[in-house]
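Okay, here's the structure, questions in a sec.
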Amino acid sequence: MNSENCLSIAYKWFDAFNKKDIDQLLSLYDDNAEHFSPKLKIRKPETNGLVVGKLELRDWWQEAFDRLPTLHYKVTSLTANADRVFMEYVRSVENENDMMIAEVLEIRENKIIASRVYHG
């Protein structure tokens with residue numbers, strides 16, 4: 001892998017997310033990928049903020065897309081090296097204040113193996 005490949009995956013990630021194309025989004029992930037998010041911890045406390053595998057990712061994102069049909073991410077910055085991308089973006093939802101988000105994608109063999117979301 002190199003930084004250009006990681007950036008390409010990040011751009012595909014944003015495109016799939018904003019189209020709410022779960023199948024395309026999941027195709028970027030390893031079968032056993034882990035995803036951590038403070039929103040997960042709040043909405044699904046039993047997860048302690050962590051889901052593992054494509055089935056749990058699908059369930060989490062489908063619930064979010066159903067609940068927040070206007071959810072949209074706007075990239076503000078991407079920084080990549082050979083095995084990860086640090087993404088900064090604005091989370092927008094109708095009738096909510098915009099939120100600045102940071103997220104890290106760890107990538108191995110052209111698949112996301114882990115993602116971690118940070119916001120305050």
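The structure displayed is predicted, hence computed values, not measured ones.
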* Asked: Who are the side-chain hydrogen bond (donor to acceptor under 3.5 Å, both in side chains) partners of Glu56, not counting sequence neighbours?
  -> none
* **Set of residues satisfying salt bridge (Lys or Arg N to Asp or Glu O under 4.0 Å) with respect to Lys54, sequence neighbours excluded** => Asp31
* In chain order, what residues pass the side-chain hydrogen bond (donor to acceptor under 3.5 Å, both in side chains) check against Trp13, with sequence neighbours excluded? -> Tyr29
* Might you point out which heavy atoms bring Ser37 and His35 nearest each other, and give the distance in Å? => CB-NE2, 3.8 Å
* Asked: Considering residues at least two apart in sequence or located in another chain, which fulfil the side chain to side chain contact (heavy atoms under 4.5 Å, CB included) criterion with Ser3?
  -> Ala80
* Please collect all salt bridge (Lys or Arg N to Asp or Glu O under 4.0 Å) contacts where either partner lies in residues 111-120, sequence neighbours excluded, each pair once. => Glu106-Arg116
* Structure fact -> Separation between CG (Leu71) and CG (Asn18), nearest 0.5 Å, reads 7.5 Å
* **Residue Asn97 excluded, over 12 heavy atoms near CG under 6.0 Å** => no
* Got Asn81 and Cys6 here, is their nearest side-chain heavy-atom distance under 4.5 Å? -> no
* Asked: Which pair of non-hydrogen atoms, one from Pro69 and one from Lys20, has the smallest distance, and what is that distance?
  -> O-CE, 3.2 Å
* With Asn48 via side-chain hydrogen bond (donor to acceptor under 3.5 Å, both in side chains) - residues at least two apart -> none
* Asked: Do Thr47 and Trp60 have side chains that get closer than 4.5 Å, going by heavy atoms?
  -> no
* To do: Treat each ILVMFWY residue as a node, draw an edge where side-chain heavy atoms are under 4.5 Å apart, and state whether Leu28 and Val104 are in one component.
  => no
* To do: Check the hydrophobic clustering (I, L, V, M, F, W, Y; side-chain heavy atoms under 4.5 Å; chains of links allowed) and say if Leu7 and Tyr73 are grouped together.
  => yes
* To do: Any salt bridge (Lys or Arg N to Asp or Glu O under 4.0 Å) involving residues 33-43? Give me the pairs, sequence neighbours left out, ordered by first then second residue.
  => Arg43-Glu63
* Do Leu105 and Leu57 share a hydrophobic cluster (ILVMFWY, side-chain heavy atoms under 4.5 Å, transitive)? -> yes
* Closest heavy-atom contact between Phe17 and Leu25? -> CD1-CD2, 3.8 Å
* ILVMFWY cluster, Val52 and Ile107 together (side-chain gap under 4.5 Å) -> no
* Closest non-hydrogen atom pair between Asp30 and Asn32, with its separation -> OD2-N, 2.9 Å
* To do: Give, for atom CD of Glu109 and atom CG of Asp83, the distance between the pair rounded to the nearest 0.5 Å.
  => 12.0 Å
* Asked: Taking only residues two or more places apart in sequence or in another chain, which ones pass side chain to side chain contact (heavy atoms under 4.5 Å, CB included) with Asp23?
  -> Asp21, Arg58
* Asked: Are Ile101 and Phe65 connected in a single hydrophobic cluster, I mean Ile/Leu/Val/Met/Phe/Trp/Tyr linked by side-chain heavy atoms less than 4.5 Å apart?
  -> yes
* Only counting residues at least two apart or in another chain, list the ones meeting side chain to side chain contact (heavy atoms under 4.5 Å, CB included) with Asn110. => Met1, Asn5, Ile9
* Asked: Does Met100 reach the side chain of Thr76, with side-chain heavy atoms less than 4.5 Å apart?
  -> yes
* Enumerate the residue pairs fulfilling ring pair (Phe, Tyr, Trp, His ring centres under 6.0 Å) with a member in residues 93-120, sequence neighbours excluded, ordered by first and then second residue. => none
* What residues, two or more places apart in sequence or in another chain, satisfy side-chain hydrogen bond (donor to acceptor under 3.5 Å, both in side chains) together with Asp15? -> Lys19
Please list, one pair per line, the donor and acceptor atoms closer than 3.5 Å that link side chains of residues 85-94 to other protein atoms, with sequence neighbours excluded.
residue	atom	partner	partner atom	Å
Tyr89	OH	Glu103	OE1	2.5
Arg91	NH1	Glu96	OE1	2.9
Ser92	OG	Asp98	OD1	3.0

